[in-house]
Each structure stands twice: as C-alpha cells, then as structure tokens.
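The structure appears right after this line, and notes come after that.
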Amino acid sequence: MNRIDRIFRDLRAQGGKALLPFLTAGDPDVTTTAALLPAMQQAGAAICELGIPFSDPIADGPVIQESMHFALTRGVRPADIFQAVASQRAALSMGVVAMVSFSIVHRMGVGSFIQQARAAGFDGFIFPDLPLEESHDVRAQVAQAGLTCSLLISPSTPLARAEQIARACTGFIYLMARAGLTGERASLPVDLTDRIARLRQVSDLPIAVGFGISTPQQVRQVLQAADAAIVGSAIVRRLTSCRQQPAQAVSEVTSFVQQLADGLVQDTAHK
Amino acid sequence: MSTSASSAVPDVRGYFGAFGGTYIPEALFAAVSQLAVEYEKARRDPEFQQRFAWLLEHYVGRPTPLYFAARLTAQAGGARIYLKREDLAHTGAHKINNALGQALLTLRMGKRRVIAETGAGQHGVATATAAAVLGLECDVFMGSEDMRRQRPNVLRMGLLGTRVVPVESGSRTLKDATNAAMRDWMESSDHTHYIIGSVVGPHPFPMVVRDFQSVIGRECRQQCLAQIGKLPDMVLACVGGGSNAAGIFYPFVGDTSVKMMGIEAGGRSSQYGEHASSLCQGKPGVLHGSRSYILQDDDGQTAPVHSISAGLDYPGVGPEHAYWKDTGRVQYVSITDKEALEAFSTLTRQEGIIPALESSHAIAQALKIAPTLPKDATIVVNLSGRGDKDMDEVIRLLGKP
C-alpha cells in the first residue's frame, strides 16, 4: 500500500485529520529544505507538499512565484531536491508529494522523472497544469510506479466533471477552496462545505482543500468537512523572511506549522 | 515523422499532429471550454461571420494591397518580391484582425472585459482599439522592459482608454506578460475574455487566432492569381508566436507548388539565451498551455530569449508551426538582429516603407534568397507591421539619420 493511502486510512480509523504544509524546495536553500522535512513531521504534518521551482508558475500568486524565482536564481535543480528528500526519507513516516509543473516533467521525460522521484522517496505528485484530458499516460505511469497522483478540482468545475476527475485521482483529491491563484485570504468561501459534501457523494477518496488557507482557525473550519488542509503561501512567506538566516527558517516555520496543527483538534466551542 | 501536412487540423483534442493540446490549470478549464463551444457556433453563424467581414473591410481597411516592390527586387537582383501590406491595416499591423474577431466572441459570450498580453505593443494596441470600438473594458499586460522599448504604443493604449499593467516579474518581456494575463484570467474569467495575440496557448486559441488571421492568406492567394496570374513560388513571414505567418501560410498549405518559409529571431548569436529561435533551436516541450517547440534548459525551465524586436522575443511558438516543421511543409530559418536592422534600412530607403523590426526579419530573408532564384520567380513577403513603434530603438542602435 502506498504511504499516502496508509496515512489517510490510519487517520480515518482514528477520526483524525491531516495537515499538508507546502514548501518551495530550495528556498532559502536545499539544506534548509532537507532540515525542514523532519521538522514538519514533528510539528504535526501528515504529508509535506514540496514545490519544485519552475520559471513560469502560472497558477501561483506573488508569494510562491517570488519564492520559486529565488530558488532558481540560486541554481536549485530537481536533482538537488531529489537528493534532499533521499537524505531524510529513512527517518520520516510523513508522506512527501511533489507539486511540479508538467513542463519540467515533460522535458526530463515522464518515465525518468517518476523513477527519480520514487527513488528519492516521494510518495506522489500534483501536476498543477495537467488537466484530466492530458493526464492519462502520466497517471498510468505514476500508478505503475506505485505512487499517487492528485488532480485539482476548481469551483468552476461542474459536478459531472468533478466526478470524472475524482475517479482519476489516487491518494487524495485536491479541492481548490477558490478559483484563481494561490495566496492568503481573510476568509473561506461560504459554499466550500457544500462543495465538499457534493464531492463526498461521488467519491470515497480523501479530500484535501487548498488555496487561501492561512490560519489555524481556517484549518479548523476546513477540516470540519474535509480530510486535509493544505497551507502554502502563509508558510512560504515565513520561509522567505528568513533568507538572511536560513537556520532560523526551520524554527520560524516549525512554530507556525505547530500553530496550524492546533486546527487539527476540533474545538467544540467553535462548532 | 514526415507525412504531408493537412489543413484539417487540429483534431477534437486540439492536436496538430503531436503538438498542441490543453495543458492548463483546472481553474482555466471552464473558460477555455466555453470558448471552444462558442467559437464552433460563431464559425457556423453567418451573422457573426458577416459582422466580422464588415469590420475587416470598413474599419480595418481590408483587403490590404499586394505590392510589387520593384526597387527592392532590382537591388536584390533575382526573383520578383511582392509585399503583402499588413502594415497598412488599421493600427499598423495584422494584429487587429484577430483582436476584432476575439472581441466579437467576447460580446457573444456576454462578457464585458478583455485582457491581453503584448510584446511589441501591436497586439496591445489592436486589443485596446477593438475594445474601444466595441465598448469593452480593457487591461493590457506588458513587460516593463518592453514598455521602455515600445513607448509610443504604451501611450496609444492609454489614449484608447486601456490600462497598461507593467509586468516586473522574470525577464519583464512577452513571456512574463503572458503569465500575468493568464493569472488575471484565472480569477476573472466569469466576466473577462483573454484575447491571446498569437497562435499559441491552449486549444482552441491556436486555431481561433489562425482562422481570424487567415484572411491575410486568402486575400494574398486571390491577389496573386489576379495580379500575377499564378500562385507565388515562395511565401515568407517572420515567426515569433507565429500569428502573421500562420495567417498567410494556412490558405496555401494545400498548394504544394508554393514553398513557405518562416523566419525566426536569430538575435545576437545561436548561443543559449541570445536568440528566440524556438523552431530552429528548441525541442518539443510544454509552455503556456500547449506542446510545441520550446526554448528550455535540460530541467524544463524556460530559457531566456533575446531579439532586437520585442514581438519576436518569445521562447515558444504556435503548435501548428511545430506541425508544419515536422511534416516539412514549411522551412524555418533564422535572421540575426544585425541582418534585420540592415533589411529595415534597405526597405525604408528603397521603397519608402518603414517596416516593423519583426517584419524586417522576413525582408532580410527575401534579400538573401531572391538572388538564388530565377528572375521570373515570385516571392511574397508578409509585411506584418509598420515600424513607427520602433523609431526609438532603431535610432538608439543606428544613431540619428
């Protein structure tokens, strides 16, 4: 059984929920990325989503764009990121998935990229610019490698299509809380709970919600209905603020992820 | 891999052979699907086609002339060189054809705002113009480096009531303006249409833009038959994203006697980062929604590109050009900054026509190839735009006349 499936199976058995922090790999440097992996697990992350820096991340807001650009100007390459994950894998029970543009995967070769990622210890993939229609061959190869592939569902995705997408996902479904770009927002959309409920009717896969989630309160709110909460820009912003002292990035980000993990405990007073 | 090229492309999935497709975030899927559905209807709707044709005739000033450049021909010393005068279209370039077509689609979809990316500023001006005449709101994304190089067009867009949004990310050129426009569209597609300016992007854009631009080739084919009494031996056009080239090439695809040549920006040299020759030097890759020839590094990061002309300064190219390259239907070559600048001066002095730096690349290739052909051969060059916008840049490079 794939590690992602096992993580969600165990959480469901205990009535638990998952926190998925996102990190830009290589910001401020790959050594820090490697150090952050066990720290994320310690802080309460069930799965860590590692963003492979890309020169043209069209679905990302300004914070993650800038972070990826910074990592690339520092010369970070996928091979360095594979090495960083491989150096930590043996000591981790946490899942690690790669968020990677299909532009990178296509150029490096689909089969070769998947094999290298698997050998490094990645458990699955999110391809933010690969829609259902173009994903067939890639999903087949990911499945053959025993890894997971989570496709995205947007608020503009009609239910019938969402059902098709859900059927094509393995591991978990990535449900976008809002249309548009990654980035922090003050509040969650009011229809989110309904959208999760409708998706539940057509799929048994765990549902992870991302885009615009940045506080422990929002994590708690999302997890009333979803299985997992994905937090990206709010974490990356803290990461980028520590570029002068990379050592501090670990403690800064860890303490923020610990706060977010408070949202994993459902506070009855808020219900 | 070489089979004969068909004009019955793309297929239903948006593929031209192995190129094209729809590589986009799910957040854009609904908007792109809506466009595909509406475009299919518009294509078959005589009222839509009539309104488009009326605007092209009475507003753009079509048909644009096919002009025999006698003095340029004499100087080159060989084949007869004809110019398809897209520089005489309203706003000074072929871009207006597509901008009006897509602005009409915007109205048809009940949307009130258009956005566009622009490099040289010609597509931005064309979109701003179409928005003004059809009563749409308009925001244009432009790299800050291009805003410096193409200042007159920035001012024109402002006068037309368009907001020009400077893009400061990445290389601050066309690629980054395209990223910014796509990001805007992801959050605004319920009321906004993204008028892509070239035959690039996810399906159906490469087909939509080609179709709206193919008026150039249809006119040109008829004009050749009427004025020369036969089809031309060769058709040349510059290629950045490739819209003026697709527009003039497409109606000739089935005319196997007509040789076609696309001219890319050779920049300063053939070194990585010094040019924008995606077809001549790139490899198949995925960028901005489709699979085509792309300039990338070994990890799939988009390569830096350079060209003297902001309109050719793009690391990708339309998927139909990739298809024409692989089927051998069109030959692609490149022309350096220096050669383009020389051709700019030659055409200006010989014919009293100041070409855009983009189009100057095609003129340069015509000057190279004409002497190798017999005197009764004919070459048509798509003169895709006029050069007023390039005055500052040309004077900076050549000095004041």
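Below, chain A is the first sequence line, B the second, and so on; all start at residue 1. Because only heavy atoms are used, hydrogens play no part in the values below, and waters and symmetry mates are left out as well, while side chains stay in.
From A:Leu132, atom CG reaches atom OG1 of B:Thr22 across 11.5 Å, with rounding to the nearest 0.5 Å. Rounded to the nearest 0.5 angstrom, B:Met182 CE and A:Leu181 CG are separated by 12.5 Å. With values rounded to the nearest 0.5 angstrom, B:Leu287 atom CG is found 8.5 Å from A:Ile58 atom CD1. To the nearest 0.5 angstrom, B:Asp299 atom CG is 9.5 Å from A:Phe113 atom CZ. Going from atom OH of B:Tyr23 over to atom OG of A:Ser135 covers 10.0 Å, rounded to the nearest 0.5 Å.
Highest contact tally toward chain B, considering only A:Met176, A:Arg77, A:Glu66, A:Met108, is held by A:Arg77 [criterion: heavy-atom pairs under 4.5 Å]. Listed options B:Asp297, B:Ile294, B:Asp176 were ranked by heavy-atom pairs under 4.5 angstrom with chain A; first place goes to B:Asp297. No other option in A:Pro128, A:Pro62, A:Ala179 has as many heavy-atom pairs under 4.5 Å with chain B as A:Pro128.
With a 4.5 angstrom heavy-atom cutoff, A:Pro57 touches chain B via backbone and side-chain atoms both. Neither the backbone nor the side chain of A:Arg178 comes within contact range of chain B; no heavy atoms are under 4.5 Å apart. With a threshold of 4.5 angstrom between heavy atoms, A:Pro131 approaches chain B through its backbone and through its side chain. When heavy atoms are compared at a cutoff of 4.5 Å, A:Ile153 approaches chain B solely by way of its backbone atoms N, CA, C and O. For A:Leu72, the part lying under 4.5 angstrom from a heavy atom of chain B is the side chain only.
For A:Ala234, the side chain to side chain contact (heavy atoms under 4.5 Å, CB included) partners at least two apart in sequence or on another chain are A:Glu184, A:Ser214, A:Val231, A:Arg238, A:Phe256.
The side-chain heavy atoms of A:His106 and B:Val286, taken from C-beta on, include a pair separated by under 4.5 Å. Proximity of A:His69 to B:Ser169: side-chain heavy atoms (C-beta onward) are nowhere separated by under 4.5 Å. When side chains are defined from C-beta on, B:Arg291 does not count as touching A:Glu134, because their heavy atoms never get closer than 4.5 Å. Using a 4.5 Å heavy-atom threshold, the side chains of A:Arg107 and B:Lys283 count as touching.
For A:Arg200, the CZ atom is densely surrounded, since the number of other residues' heavy atoms within 6.0 Å is greater than 12. Around CZ of B:Arg113, the count of heavy atoms belonging to other residues, nucleotides or ligands within 6.0 Å exceeds 12. Around CG of B:Asp190, the count of heavy atoms belonging to other residues, nucleotides or ligands within 6.0 Å exceeds 12. At most 12 heavy atoms of other shown residues, nucleotides or ligands fall within 6.0 angstrom of atom CD in A:Gln83. Atom CD of B:Gln271 is surrounded by 12 or fewer heavy atoms from other residues, nucleotides or ligands within 6.0 Å.
With salt bridges taken as basic N to acidic carboxylate O contacts below 4.0 Å, one links A:Asp56 and B:Lys175.
Contacts between residues 25-35 of chain B and chain A, counted as heavy-atom pairs separated by less than 4.5 Å, involve B:Pro25, B:Glu26, B:Ala27, B:Phe29, B:Ala30.
A side-chain N or O of A:Gln65 and one of B:Arg183 form a donor-acceptor pair less than 3.5 Å apart.
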